[in-house]
Participant: 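Quick one: structure below, then a few questions.
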Amino acid sequence: MSAAVCRTIDDILALFDEQSPQIWVPENGFGPAEHVQALHPSIDGQRRAGRVAFAQLHKDGRWEEWYRPTGTVVESAQEALSRSNVSDIFLSQQTFGRKRAIVELVALGAAYADLDYHKSRYAGQSAEAVKDAVLKLLMAEGKPLPSYILSTGRGLLCVWLHELMGTSALPVWSATQRHTAKLLGSFGADQNALDAARVFRLVGSNNSKTNARQRVHLIWSNGETSSPHRYAFGDLADSLLPHTRAEIKILRAERAIRNADGKDVVKPARKLGQATLWSTRFQDLKKLRKLRWSDGAIPPGERDAWIFLSSVALTWLAPPEAMAREITVLAQNAAGWSESETTARTSAAYKRAMAAAAGEKVIWNGKEFDPRYRYSSAKIIDMLSIEPGEMVKADLRSLCDEERLTELSRKRSQDWRVGKGQQSDHGTRAAQRLKLGAEAIQLRASGLSTTQLCEKFGVSRATITKAIKEASSPS
């Protein structure tokens with residue numbers, strides 16, 4: 001028999017599968033339906049906003065991508081797996097609007113780490129052995145365990161399900177992605193698979209790079225396979241990032257005090273300042289677009305500034321490997337620009353982002369800075385000619401004048417007091433401060449430091465100091 005017609009047993013079985021597709025039933029009960037339901041759950045039985053992306057890489061290299069509403073993902077997954085070829089079928093981990101892109105992100109519901117362990121020192125080991133090593137490391141580091149782990153053929157996909165979050169959570173979510181990938185770097189964590197628009201293989205699909213008979217399947221679940229553990233997003237971020245939210249508040253208070261004394265202090269390790277700022281600005285830019293051009297199409301003469309500034313925002317939000325695609329989708333949606341036209345008009349912002357990713361710095365007034373554009377809100381307001389009335393109508397949060405910012409600050413303070421069950425009158429606040437001071441004095445006598453008191457009560461150092469001073473003063 002010639003080598004040209006000779007087939008292995010696996011080849012024959014794979015051919016049989018393609019000609020007569022079978023409904024795949026996993027032994028552990030975590031099939032495609034459970035997979036998509038875990039990633040894209042309904043809310044109180046109601047269909048969520050947004051769409052889920054499915055895709056398939058065909059043998060001829062063609063990439064096919066299609067979208068389905070969240071309420072039909074189970075049927076769509078089962079339909080995809082009923083095809084004659086079930087290799088390389090992918091599923092988005094988040095929900096989107098018209099396109100699978102960060103600029104079209106609707107909700108975040110999962111964090112993940114793609115472990116290409118065949119490229120690491122664990123190459124040649126079984127998926128079970130690598131899974132055990134991953135869990136052992138996470139437990140040793142005191143980090144939260146994944147909600148589930150999938151075996152994808154030559155790697156593992158670790159997924160941390162969390163409560164659904166809007167796009168404002170993107171900077172913190174992205175930071176957790178980077179820190180998790182760094183933590184799991186010894187397992188071959190893919191540094192290019194960290195963005196929110198990522199797709200991974202659907203449970204029940206085959207990986208064409210491996211044995212065609214081996215389907216993507218669940219290898220470990222945190223809880224019942226029908227309902228893997230889902231984290232509160234804030235708790236998950238606190239556990240994965242170097243500093244918790246409470247610690248960051250304390251560090252900021254201490255930094256302010258030391259700066260007032262002319263002393264330097266190490267900044268918190270999250271480094272979310274510019275990312276958080278530009279995330280809010282990006283939301284404002286989208287609100288402004290919706291207010292001015294309800295159909296989303298920006299007319300000539302007005303589109304250049306909006307697209308440029310939105311591209312600048314993306315340089316702070318999207319990872320380098322996804323930057324070009326994100327900016328292209330943005331420009332296509334807003335102005336109908338082609339890829340070449342988008343590249344020509346946004347190249348300055350893109351080049352600066354790539355320089356930042358390469359670790360380059362620019363010198364300004366004798367100090368080193370990230371080369372990406374940094375515009376003040378006043379400058380952006382001027383570039384887009386944003387009127388005060390538009391700031392209110394569009395509910396802008398960052399691209400505002402001083403009057404609007406003062407109004408927003410006052411409202412946040414009022415909402416905070418209501419949330420804490422406080423009244424707005426001065427006498428009530430003074431009484432509560434005296435109570436806080438009395439409790440703080442007792443705890444400090446038992447050995448708690450001011451920093452520990454701040455963390456316990458969830459207030460700033462200045463508040464604790466003032467409360468203790470007032471409670472210590474003779475009446």
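One is the number of the first residue; the rest follow in order along the sequence. Quick note: numbers below take in every heavy atom, side chains included, and nothing from hydrogens, waters or symmetry partners.
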Participant: With ring pair (Phe, Tyr, Trp, His ring centres under 6.0 Å) as the criterion, how do Phe187 and Tyr122 come out once you've worked through the C-alpha distance, each side chain's angles and the decisive distance to 0.1 Å?
Facilitator: CA-CA 7 Å; Phe187 296 95; Tyr122 291 91; 4.5 Å; yes

Participant: Can any side-chain N or O of Asp401 pair as donor or acceptor with the backbone N or O of Arg404 at less than 3.5 Å?
Facilitator: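 A pair under 3.5 Å: yes.
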
Participant: Of all heavy-atom pairs between Asp370 and Val362, which one has the smallest distance, and what is that distance?
Facilitator: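 Minimum heavy-atom contact is O-CG2, 4.0 Å.
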
Participant: Regarding Glu326 and Arg100, does a basic nitrogen lie under 4.0 Å from an acidic carboxylate oxygen?
Facilitator: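 The answer is no: the pair does not qualify as a salt bridge.
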
Participant: Under a 3.5 Å cutoff, is there a donor and acceptor pairing between the side chains of Arg154 and Asn207?
Facilitator: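 Not at all, the side chains of Arg154 and Asn207 share no donor-acceptor pair under 3.5 Å.
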
Participant: Evaluate the criterion salt bridge (charged side-chain N to carboxylate O under 4.0 Å, His left out) for residue pair Asp195 and Arg198; output intermediate values, then yes/no.
Facilitator: CA-CA 6 Å; Asp195 60 284; Arg198 190 60 48 176; 2.7 Å; yes

Participant: Quick check: are there more than 12 heavy atoms from other residues, nucleotides or ligands sitting under 6.0 Å from CD of Glu339?
Facilitator: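 Count not over threshold, so no.
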
Participant: Can you give me the closest heavy-atom contact between Tyr67 and Ala53, atom names plus distance?
Facilitator: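 Looking at all heavy atoms of both residues, the shortest contact is CE2-CB, 3.7 Å.
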
Participant: Does the side chain of Glu65 pick up a donor-acceptor pair with the side chain of Trp63 at under 3.5 Å?
Facilitator: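 Checked: Glu65/Trp63 side chains pair up, N/O donor to acceptor below 3.5 Å.
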
Participant: Find out whether Leu81 and Leu202 are in side-chain contact, i.e. whether some heavy atom of one side chain is under 4.5 Å from a heavy atom of the other.
Facilitator: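 In short, these two side chains touch, coming nearer than 4.5 Å.
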
Participant: Please indicate whether Lys286 has more than 12 foreign heavy atoms, meaning atoms of other residues, nucleotides or ligands, lying under 6.0 Å from its NZ.
Facilitator: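 Atom NZ in Lys286 is crowded, with more than 12 foreign heavy atoms closer than 6.0 Å.
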
Participant: Assess, by modelled atom type and distance only, whether the side chains of Ser310 and Arg289 contain a donor and an acceptor separated by less than 3.5 Å.
Facilitator: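 Checked: Ser310/Arg289 side chains show no N/O donor-acceptor pair below 3.5 Å.
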
Participant: So, do Tyr375 and Tyr373 have ring centers that fall under 6.0 Å from each other?
Facilitator: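 They qualify: ring centres under 6.0 Å apart.
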
Participant: Taking the basic N atoms (NZ, or NE/NH1/NH2) and the acidic carboxylate oxygens, is any pair closer than 4.0 Å for Arg98 and Glu104?
Facilitator: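 Looking at Arg98 and Glu104, the cut-off is met.
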
Participant: Examine distances only and state if a side-chain atom of Asp190 and a backbone atom of Asn192 form a donor-acceptor pair shorter than 3.5 Å.
Facilitator: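 Yes, because the side chain of Asp190 sits within donor-acceptor range (under 3.5 Å) of the backbone of Asn192.
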
